[in-house]
**Student:** 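Structure provided below as structure tokens; questions to follow.
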Amino acid sequence: MTILRHLLVVLLTSARKFVAGALLALFAASSPAGAVSEFGTRDEAVAMVHRVQEMFKKLGAEGTFAAIKRKAPGTIDRDLYAYVIDTKDFTNWVVMANGAIPTMTTGTSLWDFRDQNGKYLGREQAEVCKSGRGWVDFRFLSPLTQQIDDKSAYIERIGDTSYCIGVGIYRNEQINENTVAIVSGSPSADDTYLQIANDMASVLNDADKLRILPIVGVGGPQNIRDVRYLKGVDIGLTQLSVLNSFRSSNATLGKYDDKIVYIAKLFNEEVHLIAARDITSIEQLNGRKVNIDEVRSGTSQTMRDVFKRLGIKIQEVNVIQGQAFEMLKSGEIAATAYVSGKSAKLISNLKFERGMHFIQVPFSKEISDAEYLPTDLTHDDYPDLIPAGQTIQTIADEVVLIGYNWPKNTDRYRRVQRFVDAFFPKIEEFRKPPNHPKWREVNLAVTVKSWKRFDPAEEWLASARNPDVASLQSDFRQFTSSQQGGAQRGVVSPANSDELFQEFLKWKQSRPGR
């Protein structure tokens, strides 16, 4: 009997724990308290105010005050907490309920209290309450850090009463939650990647709502690894050829990694091949010493691939471009290659000496198969290096904005999603000076073959918020229809129209302003 009684107690205790756990899990799943983020957001603060408004309608003033004081579910969550004040017809600021700050007891008045910045926070909140709703910035105690921090509180009046509900977020914590780190380029190379990242920060930074943090990188190959493995890095810039090589090398070793996704194809980076006087074609570099930049750079990996596809076996030299130009002048190397967006400052600042000149890079079938694009360098690109009327045929790699394939509904996923929601609608703003000229090439409709786009980016593009894409697709459909109805009937079919549309977009990108 004793054993049975003991088993019964154990079973009842376990059942109670199970029910309690289930109830807590159910509440967590339906409440911001179940969120992955450590700190509350502005949207969650507003939502809490609205919940307390509904509570006030059902429980009345005294019932609501009591619920807040005992920290009832829905009135406190992480660093978010509701409080109610009585403005006494907007001439005072008296605490009626506060469940998080022990010193804020019923009847406490902050009408004459100044915060650390000298603001009369009570008077400003009463003024906002009088108008109905709004945000107020001040410095106040955080229940999580127990420090006086910058705070933004959302204040909303309760009906026609003089009561107001407030819920605030702590801005210093928001900076950590809403910062997106982008790994870009190296200061020892051209500043295209760095400037692109800085442009993102300049256009998108929005107080504590979103902050873009550019990080100096080593180059395209390392940027992929940093996005893949380095803690704190959210997105990065790399070349498509490097990205494809990353996947190919993994597959060779039996590793199929789906942790990298792309957000958008951005712009093209042109191959600049500068040779000594005696070199007139790329074929003449066979067996000669050619610099392809530092080993870990994007240029080195791209040019290694290009020379291999063209069947040209060079003696590889790996030095920074400044050193390479000196070696070219002295005859130590036959050429140096540099992959960067035109007009690259590093190239523009050069003076071609002792017969140094650009040589052409052919757009062969082998190059085309690798997704490189045909392009050219002209006098407009480099007025001091290329004579008027002369065109240097070359190829371009594509620069891709990549991210980590975070699971949905995680903090890191939402962080990149927040970036997408801010970045995509502002493409036109990026195209304006003083931002980098390469922004004029960006077309969000372009896809990256064989790579998955980050889901929120795909969803944004599929929505009606992107009229440019819809307009381009409409124009392209008209174009294909006219082709099918004319002399070239049958050239464009539904089976290949999507692929041709992408080629059409890439072609438009390679000819900005034309």
Side-chain angles (χ1 to χ4, degrees), residues 32-33 35 37-53 65 68-69 71 75-88 90-158 162-180 201 204-213 411 415 418:
S37 178
E38 184 179 357
F39 305 110
T41 67
R42 287 179 180 269
D43 289 343
E44 290 170 333
V46 173
M48 183 176 287
V49 167
H50 292 165
R51 284 198 301 274
V52 177
Q53 286 274 23
F65 300 160
I68 292 174
K69 291 175 184 177
K71 299 182 173 64
T75 67
I76 190 165
D77 171 24
R78 295 160 292 169
D79 60 341
L80 301 177
Y81 62 89
Y83 60 90
V84 177
I85 59 172
D86 187 351
T87 65
K88 305 292 184 182
F90 316 108
T91 61
N92 208 328
W93 194 100
V94 178
V95 175
M96 302 307 295
N98 186 315
I101 309 297
T103 56
M104 295 292 103
T105 57
T106 301
T108 299
S109 174
L110 293 184
W111 186 252
D112 294 319
F113 173 78
R114 291 176 182 262
D115 72 0
Q116 291 178 343
N117 292 330
K119 294 182 67 172
Y120 285 108
L121 65 90
R123 300 181 188 188
E124 189 169 341
Q125 290 190 28
E127 189 64 28
V128 169
C129 181
K130 184 177 181 180
S131 65
R133 64 180 59 84
W135 288 88
V136 177
D137 295 335
F138 53 97
R139 289 182 61 79
F140 209 69
L141 178 68
S142 168
L144 286 191
T145 66
Q146 290 299 306
Q147 301 294 322
I148 307 298
D149 292 333
D150 288 320
K151 184 172 184 176
S152 288
Y154 178 70
I155 312 296
E156 193 169 283
R157 187 175 173 183
I158 302 177
S162 60
Y163 294 134
C164 269
I165 304 166
V167 176
I169 55 98
Y170 289 88
R171 299 179 64 184
N172 291 342
E173 298 163 354
Q174 296 294 309
I175 291 174
N176 293 318
E177 293 294 295
N178 298 330
T179 295
V180 175
L204 299 180
N205 281 357
D206 185 11
D208 56 295
K209 296 179 183 178
L210 179 65
R211 180 185 177 188
I212 307 301
L213 183 64
D411 172 59
R415 193 185 301 244
R418 190 177 298 117

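One-based numbering along the sequence shown.
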**Student:** Apply side chain to side chain contact (heavy atoms under 4.5 Å, CB included) to residues Trp111 and Leu121 and explain how you reach the verdict.
**Tutor:** CA-CA 8 Å; Trp111 186 252; Leu121 65 90; over 6 Å; no
**Student:** Looking at CD1 of Ile169 and OG of Ser152, how far apart are the two atoms once the value is rounded to the nearest 0.5 Å?
**Tutor:** 4.5 Å
**Student:** Atom CD1 in Ile85, atom CD1 in Ile158: separation rounded to 0.5 Å?
**Tutor:**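 Between atom CD1 of Ile85 and atom CD1 of Ile158 there are 9.5 Å.
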**Student:** Working note: Arg123 + Asp112, criterion side chain to side chain contact (heavy atoms under 4.5 Å, CB included); need CA distance, chi angles, decisive distance, verdict.
**Tutor:** CA-CA 8 Å; Arg123 300 181 188 188; Asp112 294 319; 2.5 Å; yes
**Student:** Over all heavy atoms of both residues, which pair between Val49 and Gly166 is shortest? Give the atoms and the distance, please.
**Tutor:**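 Closest pair (atom of Val49, atom of Gly166, distance): CG2-C, 4.4 Å.
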**Student:** Would a 4.5 Å heavy-atom cut-off, applied to side chains only, mark Val128 and Trp135 as touching?
**Tutor:** no
**Student:** Can any side-chain N or O of Asp115 pair as donor or acceptor with the backbone N or O of Gly118 at less than 3.5 Å?
**Tutor:**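 The answer is yes, because a donor-acceptor pair under 3.5 Å joins these two groups.
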**Student:** Any donor and acceptor pair, going by atom type alone, linking the side chain of Asn117 with main-chain N or O of Lys119 inside 3.5 Å?
**Tutor:** no
**Student:** With no hydrogens and no angle check, is any side-chain donor or acceptor of Asn205 less than 3.5 Å from a backbone partner on Ile212?
**Tutor:** yes
**Student:** Measure the spacing between CD of Gln125 and CD1 of Ile155 and express it to the nearest 0.5 Å.
**Tutor:**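 That separation rounds to 4.0 Å.
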**Student:** Among side-chain atoms of Arg418 and Asn178, is any donor-acceptor pair under 3.5 angstrom?
**Tutor:**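 Distance-only check passes for Arg418 and Asn178.
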**Student:** To the nearest 0.5 Å, what is the distance between OH on Tyr170 and CD on Gln147?
**Tutor:** 11.5 Å
**Student:** At their closest point, which heavy atom of Ala100 faces which heavy atom of Ile76, and how far apart are they?
**Tutor:**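 Closest heavy-atom pair between Ala100 and Ile76: CB-CD1, 4.1 Å.
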**Student:** Is it the case that the side chains of Thr106 and Lys69 hold a donor-acceptor pair, with the cut-off being a distance below 3.5 Å and no angle test?
**Tutor:** yes
**Student:** Please check: side-chain N/O of Asp79 versus main-chain N/O of Gly40, any donor-acceptor pairing under 3.5 Å?
**Tutor:**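 Yes: the side chain of Asp79 pairs with the backbone of Gly40.
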**Student:** Mind telling me whether His50 and Tyr154 have parallel, tilted or perpendicular rings, with 30° and 60° as the class edges?
**Tutor:** perpendicular
**Student:** Report yes if the distance between the aromatic ring centroids of Phe65 and Tyr163 is under 6.0 Å, otherwise no.
**Tutor:**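 For Phe65 and Tyr163, the ring centres are under 6.0 Å apart.
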**Student:** Decide yes or no for Tyr81 and Asn98: does some side-chain heavy atom of the first lie under 4.5 Å from some side-chain heavy atom of the second?
**Tutor:**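 A side-chain contact under 4.5 Å exists here.
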**Student:** Could you check Met48 against Arg51 for side chain to side chain contact (heavy atoms under 4.5 Å, CB included), going step by step and ending with a plain yes or no?
**Tutor:** CA-CA 5 Å; Met48 183 176 287; Arg51 284 198 301 274; 3.6 Å; yes
**Student:** As an exercise, state the distance from CG of Leu80 to CZ of Arg42, rounded to the nearest 0.5 Å.
**Tutor:**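 Reported to 0.5 Å precision, the distance equals 12.0 Å.
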**Student:** To the nearest 0.5 Å, how far apart are CD in Gln53 and CZ in Arg157?
**Tutor:**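 Going from CD on Gln53 over to CZ on Arg157, the span is 11.0 Å.
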**Student:** What are the two closest non-hydrogen atoms of Tyr83 and Ala153, and how far apart are they?
**Tutor:**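 Scanning both residues completely, I find the closest heavy atoms to be OH-CB, 3.6 Å.
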**Student:** Arg415 side chain to Thr179 main-chain N or O, any donor-acceptor pair under 3.5 Å?
**Tutor:** yes
**Student:** Taking atom types as modelled and ignoring hydrogens, do the side chains of Asn92 and Ser109 form a donor-acceptor contact shorter than 3.5 angstrom?
**Tutor:** yes
**Student:** Are Val95 and Thr105 close enough, and set up right, to give a side chain to side chain contact (heavy atoms under 4.5 Å, CB included), and what steps lead you there?
**Tutor:** CA-CA 7 Å; Val95 175; Thr105 57; over 6 Å; no
**Student:** Closer than 3.5 angstrom, by distance alone: can the side chain of Glu44 be matched with the main-chain N or O of Thr41 as a donor-acceptor pair?
**Tutor:**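 Yes.
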**Student:** Is a side-chain N or O of Thr87 found less than 3.5 angstrom from the main chain of Ser162, in a donor-acceptor match?
**Tutor:** yes
**Student:** With side chain to side chain contact (heavy atoms under 4.5 Å, CB included) as the test, pick out the partner of Leu141 among Ile148, Thr103, Asp149.
**Tutor:**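 Only match with Leu141 under side chain to side chain contact (heavy atoms under 4.5 Å, CB included): Ile148.
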**Student:** For Phe140 and Phe138, take the angle between the two ring planes, folded into 0 to 90°, and tell me which bin it lands in: parallel under 30, tilted 30 to 60, perpendicular over 60.
**Tutor:**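 Judged by the thresholds at 30° and 60°, the geometry between Phe140 and Phe138 is perpendicular.
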**Student:** Pair Arg171, Asp137 - check salt bridge (charged side-chain N to carboxylate O under 4.0 Å, His left out), show working.
**Tutor:** CA-CA 9 Å; Arg171 299 179 64 184; Asp137 295 335; 3.6 Å; yes
